[in-house]
Amino acid sequence: MLAAAWLPVIACSGGGGGDKGSSAHDGEDGQGASGAGSSSTGTTSSSGDFGDIGLTSSGPGGTPPPDAGNPTTCDDEGNCTCINIASIGREGVWGPCSSDSTTALQNWLNTQSTAQVDNYNTDKPTLTPEFLAKYDVILLQWMVTKGAQNDDGAPWQFSADEVKALEDWVNNGGGLIALSGYQCDGQGCTIHDVTATNQLLSFADIQFNSDGLLDPARRNCPNCNCWGGPLPLGGPLPGSVGTWNQNTPIGKDIQSVGAYIARSIKSSTATVDCTDGTNNFAVHKEVGKGHIVAFGDEWVTYSGQWLGTAACLNPQMYTDPNSACYERSAAQVFQISQFWYNAIKYAASSVECFTIEDPAIIR
């Protein structure tokens, strides 16, 4: 979930503790993806929470950087796009204070990266070869009809032709990033967020399990309130679970990210990026010429995790040396931007011009 339709369109300038409950952008192909500045044929663009992402970036001499996947395209004003992303599915509705947004992720991609993102977060798009050909990376989010707190609605359904079209697209170099864990821990509620995602990943030997393994309410994490409620996935923090593999393109330079509920992932062929020794929470796999990344939680999209601030969090606890939360905000203890840099860079490996300017990122 990159939130509300995840990423707004980024233009490359040629010149320069929330409880997930225990109990989706216009998009039929040809009807439109939400977002400002989208130039996709057959779509009508409008502003949205994620919108289309526009980045400022340039190559040597002020020219657009090279794109090994698709030709770099520029408009009359010199705004150039070098990587195209589609976010499919609704964004998360929980996060710190149980009411967070994903705007921080949008802003990060809009102002510091080189991507353009179309959002399909209200109506299911039809995955045809023509639709998929417009994108280098597809982000699979919460693909359900309602996407409200404690009310998923029904899972989206894709046809066999759509699954085959996605398989062909990946084999020819497309990149997939799949998230899960949007709602329901399986305790008295029905898990819906894995259904459509597993259907689309059926060709890849990657599937999300219908479980909820990282629930702070069922684990000992006395300081999880410091970073807004989630369990630390990896790292030395109190209550942390698992480790990130520093020898993989996804786990490299990540110590910890926050996760709340989280689905485990099963695959006999994917490389494991994050595990607790029994359950795998992040994996990646090369399929033909394409790459797939799967991560079992959505808290990496919430603004409170990026910024370390939320309405329910007292900022003084981060500056008081006597506080258990001293210098332990989410922004201080988690490597959220590193996670997204690693995931997008791997998924979009055929696109050389993709970059993000952020001093927190280790390349």
query = Between Ser303 and Asp100, do the side chains contain an N or O donor and an N or O acceptor separated by less than 3.5 Å?
reply = no
Any donor-acceptor N or O pair under 3.5 Å, side chains Asp118, Tyr135 = yes
Quick check: closest heavy atoms across [X] and [Y], and the distance to 0.1 Å?
X	Y	value
Asp168	Lys164	OD1-NZ, 2.7 Å
Asn223	Pro238	OD1-CG, 3.9 Å
Cys312	Pro96	SG-C, 4.2 Å
Val257	Phe295	CG2-CZ, 3.9 Å
Met317	Asn225	CE-O, 4.2 Å
Ala347	Ile177	CB-CG1, 3.9 Å

Pairwise distance [atom1]([X]) to [atom2]([Y]) - rounded to 0.5 angstrom:
X	Y	atom1	atom2	result
Ile250	Thr248	CD1	OG1	6.5 Å
Ile191	Phe208	CD1	CZ	12.5 Å
Asp152	Thr190	CG	OG1	8.5 Å
Phe334	Ser329	CZ	OG	9.5 Å
Glu162	Gln157	CD	CD	10.0 Å
Asn209	Ile265	CG	CD1	8.5 Å

Test your reading of the model: is there a side-chain donor-acceptor pair from [X] to the backbone of [Y], 3.5 Å cut-off?
X	Y	answer
Asp205	Ser268	yes
Thr126	Thr128	no
Gln246	Ile254	yes
Ser323	Asp320	no
Gln335	Gln255	yes
Trp227	Ala331	no
Arg90	Val144	yes

Hey, does [Y] have a side-chain heavy atom less than 4.5 Å from the side chain of [X]?
X	Y	result
Trp169	Ile138	yes
Arg219	Val241	yes
Gln149	Trp94	yes
Val163	Leu127	no
Pro249	His284	yes
Ser180	Phe281	no
Trp156	Asp123	no
Cys221	Pro232	yes

request  = Measure the acute angle between the ring planes of Tyr346 and His291, then classify it against the limits of 30° and 60° as parallel, tilted or perpendicular.
outcome  = parallel
task = Fit a plane to each ring of Trp299 and Tyr260, take the angle between them on a 0 to 90° scale, and name the class: parallel (under 30°), tilted (30 to 60°) or perpendicular (over 60°).
result = parallel
message = Under the criterion side-chain contact (heavy atoms from CB on, under 4.5 Å), I'd like the reasoning laid out for Ile292 against Leu201: C-alpha separation, chi angles, the key distance, then a yes or no.
response = CA-CA 9 Å; Ile292 298 176; Leu201 292 176; 4.2 Å; yes
request  = Any chance you could lay out the side chain to side chain donor-acceptor pair (under 3.5 Å) test for Thr271 and Lys285, step after step, and finish with the verdict?
outcome  = CA-CA 6 Å; Thr271 299; Lys285 182 178 179 179; over 6 Å; no
task = Evaluate side chain to side chain donor-acceptor pair (under 3.5 Å) for Asn280 paired with Ser264, printing each intermediate quantity in order.
result = CA-CA 5 Å; Asn280 300 328; Ser264 62; over 6 Å; no
key: Member of Leu176, Asn84, Ile85 meeting the side chain to side chain contact (heavy atoms under 4.5 Å, CB included) criterion with Val137   = Ile85
Among Asp297, Leu213, Asp193, side chain to side chain contact (heavy atoms under 4.5 Å, CB included) partner for Arg263 = Asp193
task = Output all residues satisfying disulfide (SG to SG under 2.5 Å) with Cys274, sequence neighbours left out; order by chain, then residue number.
result = none
Criterion side chain to side chain donor-acceptor pair (under 3.5 Å) on Thr103 and Ser101, from CA distance to verdict = CA-CA 6 Å; Thr103 55; Ser101 73; 3.2 Å; yes
message = Go through it in stages, so that I can follow the logic: the residues are Asp185 and Arg218, the test is salt bridge (charged side-chain N to carboxylate O under 4.0 Å, His left out), and I'd like the CA-CA distance, side-chain angles, deciding distance and then a yes or no.
response = CA-CA 11 Å; Asp185 59 4; Arg218 301 203 302 267; 3.3 Å; yes
inquiry  = With side-chain contact (heavy atoms from CB on, under 4.5 Å) as the criterion, how do Asn279 and Asp276 come out once you've worked through the C-alpha distance, each side chain's angles and the decisive distance to 0.1 Å?
reply    = CA-CA 6 Å; Asn279 304 290; Asp276 65 3; 3.1 Å; yes
